[in-house]
Amino acid sequence: MKMKKYTATTMPEAMKLIRKELGEDAVILNSKVVYSKGFLGLFKKKSIEVLAGMDSYDAPIAPKENQSMQLFQASDATDEIKKDLEDLKHMVKSIQRSPLDENYPPEFGALIQHLKDQELADELITTVSDELFVHMKSNNEKLELAEQIKKTKKVLVSLLEQHPVGGISFHKKYINVLGPTGVGKTTTIAKMAARAVLEKKKKVGFITTDTYRIAAIEQLKTYAGLLQAPIEIVYNEKDLQDAMEKYEALDLVFIDTAGRNYKEIKFVEDLQKLINLEENTETFLVLSTTSKQKDMEVIIEQFMDFPIEKFIFTKLDETNSIGSIINLMVKYKKGLAYYTDGQEVPEDIVEANLNELLNLLLKGIRYERSS
């Protein structure tokens, strides 16, 4: 048998290389996930290492004295190994089919379809599927859907746990909340402030730079009145400094920035001039899960110069898919502070928890899809 080792970023990519070089009759003898060494132990890159082989039919006829040894070696293979080789040969042949789920065993179908429905990025679905495939073959066992879900969570946790998850730290005084118009930013600020007052007994105040929308100012004034909290409207950097001096005795100050079209770079530059990004400020970016991911990416790119550590996602009650939350966390290496699922203040806001987020992502997988 002719054997060769292949290294690729994903299992489907490795299978394409194998099929191209060894042909459709090739079989995979072994596979495993490997990680390359990164700079100073960081930035490790995952890849799939596959050992593949094919029978060499044009090999010279062996001398008679060696034939008995070859027969012994051939008969030494167990039925179980033969079955595995046949299964893997079938997978290599199926690589000509383009859909993602057809590159993996049929029992992965329900999980892969659910992750697609949740709009999880293809590269993340491939990462999950590769890990499941390697585990299944390394342990020579079928993975029931419940076990697939468990291992999927483990893979996604490993990708997300390096980013901060959770709400206000209460280590910094100024809570700077950024975001485009229409995402529910002002209501989200009110929810955060109400939680701080009711649950943490903090003294809070509000600053708004949203002088473009009278309705937004009146809305924030209403919430401030309910919380018996002061509010200041600022038009320039001096107004902001004066407001900060007035709020010296407060525990937390929430800054509501103008809800403008931040696809226009001018508005971002104006905001940078107004907001003093000092060390005592914690900055969040609010995005709506009902927006297209590409549109959210444009907004994030415009705010890259701001020291944003965490996202806040709104309107989970208005969408059936939350994969974009995970996609954006991974792509931009940002954490998650809160997500909101309604208009009620302060009830409809949830402080982010990685386990609960993944439970939401994987909720409702239909077992019958794998049949």
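Any value given below was found using the heavy atoms of this structure, including those in side chains, with hydrogens, waters and symmetry copies removed.
- Summarising the geometry, atom CD1 belonging to Ile175 is positioned 8.5 Å from atom CD1 belonging to Ile255; distances are rounded to the nearest 0.5 Å.
- Within the 4.5 Å cutoff, side-chain heavy atoms of Leu316 are placed close to those of Ile325.
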Quiz prompt | side chain to side chain contact (heavy atoms under 4.5 Å, CB included) evaluation trace for Ile312 with Leu285 | solution = CA-CA 6 Å; Ile312 298 174; Leu285 177 60; over 6 Å; no
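- Atom CD of Glu248 has 12 or fewer neighbouring heavy atoms from other residues, nucleotides or ligands inside a 6.0 Å radius.
- Residues Glu131 and Lys151 are not in side-chain contact: their nearest non-hydrogen atoms beyond the backbone lie 4.5 Å or more apart.
- Pairing each heavy atom of Leu198 with each of Pro346, the nearest pair is CD1-CG, 4.0 Å.
- Looking at Glu282 and Ser169, their side chains do bring a donor and an acceptor atom within 3.5 Å of each other.
- Checked by atom type, the side-chain pair Gln219/Thr187 shows a donor-acceptor distance below 3.5 Å.
- Residue Gly205 comes nearest to Ala229 through the heavy atom pair CA-CB, 4.5 Å, listed as atom of the first residue, atom of the second, then distance.
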Exercise. Verify side chain to side chain contact (heavy atoms under 4.5 Å, CB included) between Val155 and Thr127, making sure each step is shown before the conclusion.
Key: CA-CA 8 Å; Val155 173; Thr127 296; 4.1 Å; yes
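- Here the side chain of Thr289 pairs a donor or acceptor atom with the backbone of Thr314 at under 3.5 angstrom.
- Note that CG of Asn355 and CG of Leu160 are 12.0 Å apart. Values are rounded to the nearest 0.5 Å.
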Self-check item: Test side chain to side chain contact (heavy atoms under 4.5 Å, CB included) applied to Leu362 and Thr152, step by step
Solution: CA-CA 9 Å; Leu362 297 166; Thr152 296; 4.1 Å; yes
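- Judged purely by atom type and a 3.5 angstrom limit, His114 uses its side chain to pair as donor or acceptor with the backbone of Leu361.
- In terms of heavy atoms, Phe303 sits closest to Gly179 at CZ-N, 4.4 Å.
- Atom NZ of Lys202 is separated from atom CG of Leu250 by 12.0 Å, given to the nearest 0.5 angstrom.
- A side-chain contact (heavy atoms from CB on, under 4.5 Å) with Phe254 holds for exactly one of Val204, Asn176, Thr186; it is Val204.
- Residues Leu240 and Asn236 are not in side-chain contact: their nearest non-hydrogen atoms beyond the backbone lie 4.5 Å or more apart.
- Here Glu147 contributes atom CD and Met136 contributes atom CE; the two are 13.0 Å apart, rounded to the nearest 0.5 Å.
- Between the side chain of Glu119 and the main chain of Gly323, no donor-acceptor pair closer than 3.5 Å is present.
- Tyr104 and Tyr6 end up in the same hydrophobic cluster when Ile, Leu, Val, Met, Phe, Trp and Tyr side chains are linked at under 4.5 Å.
- Using a distance-only test at 3.5 Å, with no hydrogens or angles considered, a donor-acceptor pair links the side chain of Thr222 to the main chain of Glu218.
- The minimum heavy-atom distance between Ala121 and Asn327, with the atom names listed, is N-OD1, 2.9 Å.
- In terms of modelled atom types and a separation under 3.5 Å, the side chain of Lys315 and the main chain of Thr340 share no donor-acceptor contact.
- Ion pairing of Glu309 with Lys334 is absent here, as no side-chain N (NZ or NE/NH1/NH2) approaches a carboxylate O to less than 4.0 Å.
- In this structure a side-chain-to-backbone donor-acceptor pair under 3.5 Å is present from Asp348 to Gln343.
- Of all heavy-atom pairs spanning Ser324 and Met296, the tightest one is OG-CE, 3.7 Å.
- Between the side chain of Lys333 and the backbone N or O of His163 there is no donor-acceptor pair closer than 3.5 Å.
- Applying the ring pair (Phe, Tyr, Trp, His ring centres under 6.0 Å) definition to pairs two or more places apart or across chains, those involving residues 308-347 are Phe311-Phe313.
- Other residues, nucleotides and ligands contribute more than 12 heavy atoms inside 6.0 Å of the CG atom of Asn139.
- Using a 4.0 Å cut-off between charged nitrogen and carboxylate oxygen, Asp256 and Lys185 count as a salt-bridge pair.
- Annotation: side chain of Ile300 is in contact with side chain of Leu328 (closest heavy-atom distance under 4.5 Å).
- The number of heavy atoms from other shown groups lying within 6.0 Å of CD (Glu318) is above 12.
- Exactly one of Ser291, Pro180, Ser288 qualifies for a side-chain contact (heavy atoms from CB on, under 4.5 Å) with Ile299. That residue is Pro180.
- At least one side-chain heavy atom of Val253 sits under 4.5 Å from a side-chain heavy atom of Lys173.
- Follow the hydrophobic side-chain contacts under 4.5 Å out from Leu358 and you reach Leu143 in the same cluster.
- Remark: Lys116 NZ to Leu111 CG distance equals 11.0 Å, nearest 0.5 Å.
- Checked for salt-bridge contact, Lys246 and Glu232 meet the test: a charged N lies under 4.0 Å from a carboxylate O.
- One side chain, Gln293 or Glu297, offers a donor N or O that lies under 3.5 Å from an acceptor on the other.
- By the 4.5 Å heavy-atom criterion applied to side chains, Leu357 and Leu336 are counted as neighbours.
- Checking side-chain atoms of Arg195 against main-chain N and O of Lys200 turns up no donor-acceptor pair under 3.5 Å.
- Contact between Gly342 and Asp317 at its shortest, heavy atoms only, is N-OD1, 3.5 Å.
- Between the Gln162 side chain and the Leu159 main chain, a donor and an acceptor come within less than 3.5 Å of each other.
- Taken together through direct or relayed side-chain contacts under 4.5 Å among Ile, Leu, Val, Met, Phe, Trp and Tyr, Leu226 and Val197 form parts of separate hydrophobic clusters.
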Quiz prompt | Pair Phe206-Lys221, side chain to side chain contact (heavy atoms under 4.5 Å, CB included): steps then yes or no | solution = CA-CA 9 Å; Phe206 297 96; Lys221 281 183 175 180; over 6 Å; no
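- Looking only at side-chain heavy atoms (C-beta outward), Leu145 and Ile149 come within less than 4.5 Å of each other.
- At a threshold of 4.5 Å between non-hydrogen side-chain atoms, the residues Thr257 and Thr208 do not count as touching.
- Rounding to the nearest 0.5 Å gives a distance of 15.0 Å between CD of Gln148 and NZ of Lys153.
- The hydrophobic cluster containing Tyr223 does not contain Val234, counting ILVMFWY residues as joined when their side-chain heavy atoms lie under 4.5 angstrom apart, directly or transitively.
- Linking Ile, Leu, Val, Met, Phe, Trp and Tyr whenever their side-chain heavy atoms come within less than 4.5 Å puts Leu360 and Ile365 in one cluster.
- Counting non-hydrogen atoms of other residues, nucleotides and ligands closer than 6.0 Å to NZ of Lys203 gives a total of 12 or fewer.
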